[in-house]
Structures are given as C-alpha cells and as structure tokens.
Amino acid sequence: MALYEDDLHHQGRISTILSRINAYQGGMQPNMRDVEKSGGQQKKKATLGTVLGVYLPCIQNIFGILLFVRMTWVVGMAGAVEAFFIVGICCCTTLLTSISMSAIATNGVVPAGGSYFMISRSLGPEFGGAVGVLFYLGTSVATSMYIIGAVEILVVYMAPGINLFGDTNSFRLYGTIVLLILAIIVFIGVAFVSKFAAVSLACVTISILCIYIGIFIANEDSSVEVCLLGDRLLTMESVMRNGTMMCTKNVTGPIHDNYCQILNASAGTYVCDSYFNDHNTSILKGIPGLASGVFSKNAMNRYTQQGNVIGTDMHGNPSRGEIVADITTSFMILLGIYFPSCTGIMAGSNRSGDLADAQKSIPVGTIVAIITTSSVYLSSVLFFAGTVEGDLLRDKYGESIGGSLLIGKLAWPHEWLIRIGAFLSTLGAGLQSLTGAPRLLQAIAQDGVIPFLSVFSVTTKRGEPFRALVLTVFIAFIGVCIGVLDYVAPIITMFFLMCYGFVNMACALQTLLRTPNWRPRFRFYHWTLSLVGLALCITLMFISSWYYALAAIAIACCIYKYIEYKGAEQEWGDGIRGLAMSAARYSLLRLQEGPPHTKNWRPQLLVLMKLDASLQPKYPRMVQFANQLKAGKGLTLVCSVLEGKFQERSADALAAKQTLSKMVKEMNIKGFSDVSVATDVTEGICSLVQNAGLGGLRHNTVVMGWPYGWRHSEDEQSYRVFLETVRNVSAAGLALLVTKGINQFPEPDVKLRGTIDVWWIVHDGGLLMLLPFLLTRERPWKHCKLRIFTVAQMEDNSITMKKDLEHYLYQLRIGADVDVIEMSGQDISAYTYERTLMMEQRTQMLRNMRVKKIEPQSIVDRAHHGGNPGAGDQASPQKVHLQLESVPEESSTDPESPAQEHFTFTPAAAQKLKTNHKNVNNKPDHKNVQRMHTAVRLNEHIVEKSHDAQLVILNLPAPPKAPAGDENYMEFLEVLTEGIDRVVMVRGSGREVITIYS
C-alpha cells in the first residue's frame, strides 16, 4: 500500500475505523485503548430483543390506569359512536407517529436517549432540546398520573377506610408516600424495576383476559342491581337500610327520607320534592350482558354539565343520594382525558441503549404493540356499550354499586383480581416513567444544548442519574399535589402530542427534502402519513384544551429561543438545516429574477477589512459602522485578502477567517466572513468585489478604510491598492463608502448628540440622503440631527436651490436643515498655488526615488543646491535633474484656459514664492491648481460649518483615469478632509436608491 502511505498515515486504516464504528455505544465515542486491548471488540451491554426490550414495555405503558378507571365512564358519557371515534383518533395518531418513528429509528444508530436522540438529530438542537424537555416533563407528570390512579384504586375501591381527609387530600397524602417509595426503588437500581415490570405486565395481561371473559359470560341473572328514581341514578348508600337495599318510595324507606320533609309529625304529613312525586323508583340490572340489546341505548352521547345529575340536564343534589357530574364533559374534554391511555409508544425507543438491534426492534415491537393495544381499546368500547347499562357506565366512581370498581364487577371470576391487578400494573407503569424520565433528562444534559441543565448530566458510581431523579420526583410531586386524575391527564396530553407532532414533522421533513443521508431500513412510510399524523397532533392539542396547548407551545418556544440565544454549537446535520438550505435556494432563485426595486433597495455591504501582522482586524469599528448603516438588516460580508500563495498561506487564511468570524459573532452582527489569498492584493480585492455573495444575494455597496500613512511610505502600494479598488468598484457598478478616522467612530452602546452633516456636491442616486437616515435609526446616532449642505455654482440661484432642496426632502419624508454654500467667483490664493507646486514636486521626487532607487536625502540635497554637484551629489551614481513637468491627466470639459485663471498674491507672498523656486524651472499644472483650489475652499467651508458635527458625509470625487495622477488625487482628498474627525466619503453606483413615491 505504498501508493496510499500518506493517506493511511493521516486518515487511518479501514480496520481501525471499522473497529471504532463497531464499538459505538450510547452516543459516546469508545476509548480506543480499550478497543485495541480487546482486539477491536468491546463487551456488549445491550442484549434485549424485540419482545422483552420493546413490545412488552410498550404494552405495559400503554395499558395504564385509564383503561381500568376511566374507559367505562368515557363510553357512558360519549356514547358508543363518539367513544369509538375518540379512541380511534387517539390510536390512529399514535400509529402514524410510530410509523414515522420507525423510519427515523432505522435511519442510523439510535444510542441512549431514544426519542430525544431521534428528534434532536432530525430537527436540530433547538427543536430537539425544546421537544426533549417537553417529553421529559410529560413523562415526569405521567408518573404523578399513574400514582394518583393507583392511590384512587387503593383509597376508593380497595381500602375505603383509610380515606380520612376526603378524596383529594387523601390522594395527595398517600400519593406522596407512594412517590417516595417508588423513588427509593428506582434509586436502588433498574434491576428491581425490570423484575417488577414482569409482575406488572402479568397483572395487566391477566386483568384484561378476566375482563373479556366476564364480558362474554355476563347476563341478567348474575348482574349487579342499581336503583333509579325516574332517570336519576342513586348511590347505594342512599338506598340501604340495615344492610338491605330499599329501592322504594315507601315512607319507611331511605329514598323518602332524602326527598321529603315532615310537615306534621302527629298527622303524618310530608312535603316531598316534585320530582319525587312525579317519578317512580326502579331496580335496574346494571350488567345485563351482550344479549340484552343495551348497545342501541348507549350509542349516543349523554354529556353532562358539572353539578347536574349524570346523563341529564337537571341540577342534582348529592345529599339526596343523586350521582352528579364532578366535571363538565364534552367530546373535547374526554379526548384530552383519554389520550394519555394511548401514550407509552416510546417506551421501547427510550430503551434503545439496551437493545441488541434497535433498528430492528423499535419498529416491529412498537407497531405490533400499538396494534395490539388499539384492538383491545376499540373492542372494549363496543363491548362495554353492549354489556353495561348507560347510567352505570356514567357512574365514574361506582357509587351506585357501593363504591365498587365497575370493570371489576364485570370481570370474571372476582373483582378483587382486577383491583389488585390494576393497582400493581399502575404502579409498574409509574415505575417505568420514573425510571425513564431521569435518563432522558441526563441525555439532554449530556448534549450540552441547554447549559443550565448540565448539572443533571452527573451520575453516581453505579451510573444512576441521581440529580435528574431528584428533579423528576419534585415535578411528579407537583402533579400529585393536583390530586385529581382528570386534571392531570390533559397536561400529559399536551406534552406527548407536542413530542409526537415533532416526530411526524421530522419524518416528513427528511422525506420531502430527500437528504442523501435519509436511508431508513423501514420502508412502510410515506410523507403524507407523517403530515396527517402531524395535523392530528396539532388538532388534538387545540381540541382537547386550547389553553394547555398554547402553554405547551409557549414553553417550547421559550426553550427554543433560549438555545438559539445561547448558541447551540452542535452540528447534527438536522433536517431544519436542510430546510433552511432549500428555502435559501428558493429565495436565491427568486432574487435572481431581477434587480430590486428602488423602494426595496438597502445597503448590502462588503466590508474590506485590513489585517495586521498577527492576522487580527486592524479596524474592527468599521464592521460596527457597517452594521449601523444597514439598520440591523440586509447582508454584511466581512472579507480580507492575504498576499501570497494559497498553498503556503492556507493555514493563515483559516486562522484569519476564524478571527473574523469570532469578531462578527462577538459584535452580534448578522453576517458572514471570509478570507482569500492572492499573489496580488489588488487582484484579490477585485475578485471579491466581482464574486462575493451568491446569485441575487450579493453586495451592492463596498466599505473600505482610508490608507493612513500613505504620504510617509516609499511603497506606492500603500495607496495603489486603495485607488485600484475605487476604480474596480466603480467599474462593477457598486456604491463605495470610504471611512476616515474610523477609530473615533462610536461604539454601539454610546449615544452621540449633535449633527450629521451631509455635503451634497454631486447627485449620486440619493445615497447621501439614505445613509444618514439609516444611521439615525441606530442607537449611537439616534439623537443626532441631520443637516444638508449643497454647493451653488456661478449660474445657480441659491435661494431657489434651497427651496427646491427643502421640498425634495419633504417628499422623501426626511427631516433635515438645509443650507446652500456659494463658492463661485473666488480667486486662487497664493497658499493654493504654493501647495499645488509642493504637491507636484513631491510627486516627482517619489517617482524618481522609485524609478532610479536613489536615497531620498540626496534628492533633497540636490534640490537645495540647484542640481549643482557637490557634497550632496557624491553618493549618487548619476546626476538628477529636478525640472518637473506637469502631470498628464484625463481630459476635462472645463473650457477655462490658463490665461483666464485669477491668482491673488500679496507682495510678500510673491517675493517668497520667487525666492523658494528661483532655481527650479517649474510651473504647476493649471488643472491641478483648480482642483487644489476646490479642495481647499470646500474644506474651509466644511471646517467652518461642520467643525462640531459628529459625522460628515460627502461625495468622493472620481479617481483619475490614468495612474499618473494617483498621488495628486490622494493629496486632494487629504486636503478636502483635513481637520475633520469623522468622515465618510460616498460614491454612488449611479442608480437611484431612494424615491419620493410610496
């Protein structure tokens, strides 16, 4: 393998990679030393198969307390038709969710964490963390539901004598005791929980079999009897006298005592309730059997308002023995109460770390378990409606049959078998929830997506998540304190429906995006099924309880924004990222259709950042200023160019990019950064100007800094890069912003007060008007007032210009003070003439230095000696002539000739000028004199008017077309901005960027 020697050394051998993959356990990378010692094999801890690992746990969790204590009540209130529909919707939702979950579970290794792992890796850390926390809360609250259910069976049906404080308070007291006992059992270890799970599952199975046997053998001869007054079902206690049931209206009977009051004891006259007088009592066979034909009477709903007699719209009186509704019932309320009985489908996936083959066991075990439980639930709805009288079905706590469990009375051979079985199976389900919830929280904490949960990632020496267990017990305790099963169940419904909905969304998203990594082994899925499952989950949430649904969504949103704010650093290749890429592609294609309208134009900025020798940004405040310019919106690209060969400086480029990215992140700027390497910096910047961005999402404005110190540098590159960039930006049709004095620009948290002065000299498409307006929307410039200055030429009417400008600003909806500066008819001063001459001489000196490589001091000495060879000429290999010629520049349309120029000289100034240049045969170029005159005069006005301004914005003059005038152009800009602290020179792209129209 000599041909691949280098690759094998850096990337590793295939055998090593395969060993690491084979040793992958629980989402943690195995210790390679252990792998090498064991010959590439690690001891497998996961040994559970489909039946023991998935099917039976799902069966145990799905067959919970609601089957035993609420199913008959739901059927009685909703009727057979609507109850079947309620159960069908719930079972269909869980079945569709299990199909989506099976596809996700078979799309790769599912380590410990189960459902949370699948959701987070499919939807990303933000969604995964939010849904994971909701699922954890749902599982924790489910613990309290199972405990309340078990205590209800204990206190109401098994040992009514211990009900010392009323139902709710007794539930709270005994529920807390049971919770502590279960917590101790869980802390001891999952071994006992697993052993008890077998007992609990056996109890569930036997109980269901006994119920079905009882359904088929039920008949009127062996049925329990209930007493009714008219259509009002009475409690057994209210019709018992000396241990005998007296369902009569006799004066000596208990019913007469409850409804009548003695008017005259001696005469034996009574005043009775009108309902008592109008209706007779009757004894009804409560469980007449399937052959009785009661199904037709139980087909329709009998929803009842709280406080009314069950099954009627009449107000009830419990003191008379009437059984009244403790809560208002409706289709939506019953749906929310019943749905938790279908949850538990993820019990197998939560054990994924203990499964020998999770990808095989989770789909098969979960779907078969749901089909089994759904068959039992749907058939039991029909059997209960066809076997039990409707009034007895609506008796939630079995008060009409002496406080017995109705489903126990129905079962064969004895109701105590159901009581004990339901009690133990419910405790087992509570143990399962109390065991799974802390491990789920630990998995979330270990991922680190929610920083404040990191404390719960710690485990004991035995690997038990003790801290997570403590939090779970506390949450379950809050649920136990509610004390009412019907109030706890809807809360669980919201949490689980949110989780199931996101599982369906994850599957649909991955399928529709067709990501290359989406290759599930489970083939019996489709994105339409996932979308239907998602729609069902959302619908059920709002149907059952809209305020609980909003609360659950609010919790999820808060967790999502918290994770997003803290910055989830995990990259899991999730579907949300794929969705973002698809949306970005669609948006880019839409943007490609044409340029934006003037009303939609906003600065999309390319910031050219200069780096120092240590690859650190030299002027970071330029990025802050750029962010202020775009008012927090639009595109920001921060780019730099390193000089050299990419092969040699690729590491430097990567380090510089990381530095820029860190700076952008720390400054909280929504943008991107990049660094390129080029043999010539000018060409590299030109490439960025042309190619940065993608499609329609490209920059329209370039921001760059002023080349400080260009006068003192012998290297002409110090300003050549700047000037070539100006030319390239103009050629690309982009706007250009040049900042000077950038280190004095304000930080984002500083508030400036004063003015922003705009010197509008050349029309640039309105960019000079738009930029200060955008700045004033940001905190540092918010309290600054805008002032507009413009320059009137000789033929302009300054008064008319001011009025027109004020009207124009009014139409633009921009508030600003306006002033017009007149600069026409002013003579050129001796200062301007001399400064132009000195500029041209310096330019010629620098050229000679670069061309002939002569020491600067020798040139200066020759200038003082008039070119006469002397001491200053001895070090030079040749004689240098300082006869400076005028610099040829681009043509001008100015018709004014040199003869028409006006110069103002005082006698002293003229003598000085003649003395200084008597040995130099040179005359400054007249166009340079004119340009210098403009720069000097304009600078005088700017300093006079804007010396106190917080920022000065003015037009950037066009650069010379020929490189020969570059130095002079730089000098003109220096003179123009002299004495101003903060300056932004703007050169528009030529297109209109602001409009007066709506």
Side-chain angles (χ1 to χ4, degrees), residues 63-74 141-185 196 199-200 203-204 207 211 224 235-238 240 306 310 318-319 321 323-327 337 340-341 392-411 414-431 433-434 473 476-489 491-492:
F63 282 142
I65 182 62
L66 295 176
L67 172 64
F68 301 103
V69 300
R70 291 294 183 271
M71 176 65 88
T72 54
W73 174 70
V74 170
V141 178
T143 303
S144 62
M145 183 191 72
Y146 292 128
I147 292 175
I148 293 174
V151 172
E152 181 178 318
I153 295 175
L154 176 67
V155 174
V156 177
Y157 304 113
M158 297 179 67
I162 65 175
N163 189 359
L164 304 177
F165 311 101
D167 288 347
T168 303
N169 291 328
S170 296
F171 292 171
R172 291 169 179 167
L173 174 62
Y174 297 119
T176 304
I177 297 174
V178 172
L179 175 61
L180 294 176
I181 295 173
L182 295 184
I184 294 172
I185 294 174
F196 188 80
V199 177
S200 175
C203 293
V204 171
S207 299
I211 292 171
V224 296
T235 64
M236 179 66 72
E237 183 181 0
S238 67
M240 296 296 292
Q306 183 179 5
I310 56 173
S319 63
I323 300 177
V324 299
D326 58 342
I327 64 170
I337 292 175
S341 66
L392 183 56
L393 286 173
R394 287 182 283 276
D395 184 6
K396 182 190 292 186
Y397 299 108
E399 295 174 274
S400 62
I401 52 177
S404 296
L405 185 63
L406 172 59
I407 206 167
K409 288 290 186 180
L410 179 63
H414 198 275
E415 62 179 302
W416 270 97
L417 185 63
I418 301 301
R419 293 177 181 176
I420 296 174
F423 178 75
L424 294 178
S425 64
T426 305
L427 286 181
L431 269 177
S433 299
L434 198 58
V473 170
F477 172 73
I478 296 175
V480 169
C481 288
I482 296 176
V484 180
L485 184 65
D486 298 331
Y487 295 159
V488 176
I491 300 175
I492 303 170

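Please read these numbers as outputs of a predicted model, since none were measured by experiment.
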Minimum heavy-atom distance [X]-[Y], with the two atoms named:
X: S207; Y: G421; answer: OG-CA, 3.6 Å
X: V324; Y: P318; answer: CG2-CG, 3.7 Å
X: R419; Y: S404; answer: NH2-OG, 3.5 Å
X: I401; Y: K409; answer: CD1-CG, 3.8 Å
X: S170; Y: V155; answer: CB-CG1, 4.4 Å
X: L67; Y: I407; answer: O-CD1, 3.6 Å

| task | Go through the steps to decide whether W73 and I337 satisfy the test side chain to side chain contact (heavy atoms under 4.5 Å, CB included), and finish with yes or no. | result | CA-CA 11 Å; W73 174 70; I337 292 175; 4.1 Å; yes
Open item on the list: Could you go through V69 and V156, starting from their C-alpha distance and side-chain angles, then the distance that decides it, and tell me whether this counts as side chain to side chain contact (heavy atoms under 4.5 Å, CB included)?
Closed with: CA-CA 11 Å; V69 300; V156 177; over 6 Å; no
Is there a side-chain contact between [X] and [Y] (heavy atoms, below 4.5 Å)?
X: S200; Y: L424; answer: no
X: V488; Y: V141; answer: yes
X: K396; Y: I327; answer: yes
X: M158; Y: I420; answer: yes
X: I65; Y: I153; answer: yes
X: M145; Y: L485; answer: yes
X: I491; Y: I482; answer: yes
X: F68; Y: I211; answer: yes

To the nearest 0.5 Å, tell me how far [X] [atom1] sits from [Y] [atom2].
X: I147; Y: L431; atom1: CD1; atom2: CG; answer: 8.5 Å
X: T176; Y: I181; atom1: OG1; atom2: CD1; answer: 11.0 Å
X: T168; Y: Y487; atom1: OG1; atom2: OH; answer: 8.5 Å
X: R172; Y: F165; atom1: CZ; atom2: CZ; answer: 13.0 Å

side-chain hydrogen bond (donor to acceptor under 3.5 Å, both in side chains) filter on T426, not counting sequence neighbours, yields none
Residues passing the ring pair (Phe, Tyr, Trp, His ring centres under 6.0 Å) test with F63, sequence neighbours excluded, are Y377
Practice task
Kindly say whether L154 contributes a backbone atom to a donor-acceptor pair with the side chain of Y174 at under 3.5 angstrom?
Solution key: no
Tell me if a side-chain donor or acceptor on Q306 pairs with a main-chain N or O of D326 at a distance below 3.5 Å.
yes
Residues at least two apart in sequence or cross-chain that pass salt bridge (Lys or Arg N to Asp or Glu O under 4.0 Å) with R70, listed by chain then number, are E152, D486
Could you go step by step and tell me if L406 and D395 meet the side chain to side chain contact (heavy atoms under 4.5 Å, CB included) rule? CA-CA 9 Å; L406 172 59; D395 184 6; over 6 Å; no
